[in-house]
Amino acid sequence: MSRQYRKMQEKLYKKPEKKPTEKKIGKDYVLMAVTVFTVLVTAAGWMQLDNLSRSMYSLLSISLILTYARRHADLSERAALLVERGSLVTMVLAVVIFLATLFVHFTS
């Protein structure tokens, strides 16, 4: 009898579905610190750096800024996708330039 009563209650008074809570985004102090450090190194050493190093540090700074924007800005799905892809592309380019710098440095 109690089973039937419980089934009727469930049918009559359906429980509202719980929405999945969005994961809270942290403050990202480490990401901010690395970004500021990279921008300061780029700005302070601009005259001493060669063109490959300038481009590498600039791309790395852009990638870190885009990563921070992706995590904290309220973007549409399309904009978030473009920002994420831009961040990945600039990071890959920075790594390729870093490897090219290593190759030039150690083969000369």
Side-chain angles (χ1 to χ4, degrees):
M1 191 90 156
S2 65
R3 283 188 208 165
Q4 291 176 347
Y5 178 72
R6 194 174 328 129
K7 286 182 182 179
M8 283 188 354
Q9 290 293 328
E10 287 176 3
K11 287 182 181 179
L12 291 175
Y13 306 108
K14 291 183 180 180
K15 294 180 183 177
E17 294 180 18
K18 293 182 181 178
K19 294 181 182 177
T21 58
E22 286 189 23
K23 182 181 169 186
K24 285 190 175 182
I25 297 173
K27 298 292 183 191
D28 286 333
Y29 292 124
V30 174
L31 180 60
M32 287 189 292
V34 171
T35 304
V36 169
F37 177 74
T38 306
V39 170
L40 288 177
V41 166
T42 305
W46 190 263
M47 296 304 288
Q48 289 78 24
L49 296 173
D50 60 341
N51 288 334
L52 283 176
S53 296
R54 286 179 188 168
S55 60
M56 178 184 64
Y57 279 111
S58 299
L59 286 170
L60 183 61
S61 298
I62 291 168
S63 176
L64 291 170
I65 291 168
L66 288 175
T67 301
Y68 186 83
R70 169 68 177 103
R71 292 180 61 113
H72 294 281
D74 187 25
L75 302 171
S76 66
E77 274 189 47
R78 180 158 171 78
L81 182 66
L82 290 174
V83 168
E84 186 173 352
R85 286 183 181 169
S87 175
L88 288 173
V89 167
T90 55
M91 182 65 71
V92 168
L93 287 174
V95 169
V96 168
I97 293 172
F98 174 71
L99 294 174
T101 303
L102 285 178
F103 181 76
V104 168
H105 181 70
F106 287 113
T107 57
S108 302

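We number each residue from 1, following the sequence as shown.
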Between the CD1 atom in Ile97 and the CZ atom in Phe103, the distance rounded to the nearest 0.5 Å is 15.5 Å

Taken in chain and number order and not counting sequence neighbours, the residues that satisfy ring pair (Phe, Tyr, Trp, His ring centres under 6.0 Å) with Phe37 are none

Determine whether a donor-acceptor pair (N or O, by modelled atom type, separation under 3.5 Å) exists between the side chain of Ser63 and the backbone of Leu59. no

Thr38 and Tyr57 have their tightest heavy-atom pair at CG2-O, 3.9 Å

**Request:** Flag yes if Val30 and Val41 sit in one hydrophobic cluster, no otherwise; membership is Ile, Leu, Val, Met, Phe, Trp, Tyr, and two members link when side-chain heavy atoms are under 4.5 Å apart.
**Result:** no

* Does a side-chain heavy-atom distance below 4.5 Å link Met56 with Leu60? -> no

Grouping ILVMFWY residues whenever side-chain heavy atoms fall under 4.5 Å, the cluster of Leu88 otherwise contains none

Next item on the list: Consider only side-chain heavy atoms of I, L, V, M, F, W and Y, link residues closer than 4.5 Å, and tell whether Leu93 and Val83 are in one cluster.
Entry: no

Distance col, row Asp28:CG vs Leu64:CG, nearest 0.5 angstrom, shows 11.0 Å

Between the OG atom in Ser87 and the CD1 atom in Ile62, the distance rounded to the nearest 0.5 Å is 10.5 Å

Between the NE2 atom in His72 and the CG atom in Leu31, the distance rounded to the nearest 0.5 Å is 7.0 Å

Going hydrophobic residue to hydrophobic residue with side-chain gaps under 4.5 angstrom, can you get from Phe106 over to Val95? yes

When you group the ILVMFWY residues by side-chain heavy-atom contacts below 4.5 Å and let the links chain together, are Val96 and Leu102 in the same group? no

Check: Under 4.5 Å between any side-chain heavy atoms of Tyr68 and Thr35, yes or no?
Finding: no

Output for pair (Phe98 CZ, Ser53 OG), nearest 0.5 Å, gives 9.5 Å

Closest non-hydrogen contact found for Glu84 with Arg70 is OE1-NE, 3.5 Å

Is Val89 reachable from Leu99 through a run of I, L, V, M, F, W or Y residues, each pair having side-chain heavy atoms under 4.5 Å apart? yes

Taken to the nearest 0.5 Å, the spacing of Ser76 OG from Leu82 CG works out to 8.0 Å

